[in-house]
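Taking it in order: structure first as structure tokens, then the write-up.
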Amino acid sequence: MVKALFPGSFDPLTKGHLDIVERASKLFDEVIIGVGTNLSKNYLFDADEKINLIKDATHDLPNASVVKMHGLTVSFMHNVDADVLVRGLRNEKDYLYERDIMQMNMDLASVETIFLLAKPEHQFISSSLLKEIASTGTDISAYVPQNVKRTFDKKLGK
């Protein structure tokens, strides 16, 4: 049985993230979506809100679960007995960033990272871009699951 960890901040969960989870769920016996905190980011949703939104969006994937992640990813992997990391790549910039993290994880704990390339329709979507355009009143429903859109609108007072 191969267990994969898909870590991220997911603020908010996008259709690109959801696509990676769906595809990973077909490749691995179990996919754990680890909701972490990146200290360099400002968040719209707290960890519990993100976990609930992701659980709702992935409810039809029986081999996917969502947990709050803390500490180093490689340490957390061992806590949940994950075998591999899954990361989505949208473009060359993501690749360069993720390549260095992959190598550090390999050096620290011999962790394998599996990269899944974003589909073309998701390559330009980022959570930070969506928060920016949504704050202007622009409709983001094409880029996020409906449950995320509803919660986003409530947060922004729409």
Side-chain angles (χ1 to χ4, degrees), residues 1-41 43-131 142-149 151-152:
M1 184 167 137
V2 179
K3 191 185 294 188
L5 173 64
F6 180 38
S9 55
F10 307 108
D11 190 58
L13 177 76
T14 68
K15 287 185 177 179
H17 293 133
L18 189 54
D19 180 61
I20 296 295
V21 172
E22 290 169 347
R23 290 165 51 203
S25 74
K26 293 174 185 170
L27 297 171
F28 302 104
D29 298 304
E30 185 177 345
V31 177
I32 300 167
I33 304 157
V35 178
T37 301
N38 182 335
L39 299 177
S40 67
K41 292 184 178 182
Y43 294 114
L44 181 62
F45 299 99
D46 67 34
D48 290 332
E49 288 173 311
K50 291 186 274 188
I51 288 168
N52 289 330
L53 288 169
I54 297 167
K55 282 181 178 179
D56 186 40
T58 60
H59 73 276
D60 61 337
L61 300 173
N63 64 334
S65 60
V66 187
V67 297
K68 190 178 205 175
M69 202 172 84
H70 53 276
L72 282 178
T73 300
V74 293
S75 300
F76 187 76
M77 279 185 72
H78 294 296
N79 293 342
V80 296
D81 296 319
D83 303 295
V84 298
L85 280 175
V86 170
R87 299 298 294 155
L89 297 177
R90 294 171 296 165
N91 52 41
E92 299 84 3
K93 184 179 173 185
D94 280 358
Y95 168 74
L96 293 173
Y97 176 76
E98 294 291 346
R99 179 200 59 195
D100 293 346
I101 294 172
M102 175 207 68
Q103 190 58 56
M104 181 60 73
N105 289 338
M106 180 63 80
D107 288 348
L108 290 173
S110 298
V111 168
E112 286 292 343
T113 301
I114 307 297
F115 294 122
L116 295 177
L117 298 177
K119 290 180 178 175
E121 62 266 28
H122 303 303
Q123 290 176 348
F124 64 95
I125 301 170
S126 73
S127 294
S128 56
L129 179 60
L130 291 182
K131 285 187 283 194
Y143 312 112
V144 296
Q146 283 305 306
N147 68 318
V148 173
K149 169 73 166 87
T151 306
F152 217 112

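Numbers here are sequence positions counted from 1. Since the structure is predicted, the reported quantities are computational estimates derived from the model, not experimental observations.
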All N/O donor-acceptor pairs, side-chain side in residues 60-71, below 3.5 Å, sequence neighbours left out:
unit_1: N63; atom_1: ND2; unit_2: S25; atom_2: O; d: 2.8
unit_1: N63; atom_1: ND2; unit_2: F28; atom_2: O; d: 3.1
unit_1: N63; atom_1: ND2; unit_2: D29; atom_2: O; d: 3.3

Item to check | From CA spacing to verdict: salt bridge (Lys or Arg N to Asp or Glu O under 4.0 Å), K131, D11 | outcome: CA-CA 8 Å; K131 285 187 283 194; D11 190 58; 2.8 Å; yes
Next on the checklist: If you apply the rule salt bridge (Lys or Arg N to Asp or Glu O under 4.0 Å), what do you find for K15 with D19, and how did you get there?
Outcome noted: CA-CA 6 Å; K15 287 185 177 179; D19 180 61; over 6 Å; no
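No donor-acceptor distance shorter than 3.5 angstrom exists from the side chain of K50 to the backbone of L13, with no hydrogens or angles considered. A distance-only check finds a donor-acceptor pair linking the side chain of R90 to the backbone of I125 [under 3.5 Å]. Panel note: side chain R23, backbone L117; a donor-acceptor pair is recorded below 3.5 Å.
More than 12 heavy atoms of other residues, nucleotides or ligands shown are found within 6.0 angstrom of CD on E22. Dense packing is recorded around CE of M106, with more than 12 heavy atoms of other residues, nucleotides or ligands lying under 6.0 Å away.
Looking only at side-chain heavy atoms (C-beta outward), E98 and T113 stay at 4.5 Å or farther from each other. In this structure the side chain of I33 reaches within 4.5 angstrom of the side chain of T58, judged on heavy atoms.
Screening residues 48-68 for ring pair (Phe, Tyr, Trp, His ring centres under 6.0 Å), with sequence neighbours left out, gives no hits. Within the structure, ring pair (Phe, Tyr, Trp, His ring centres under 6.0 Å) contacts touching residues 85-105 (residues at least two apart or in different chains) do not occur.
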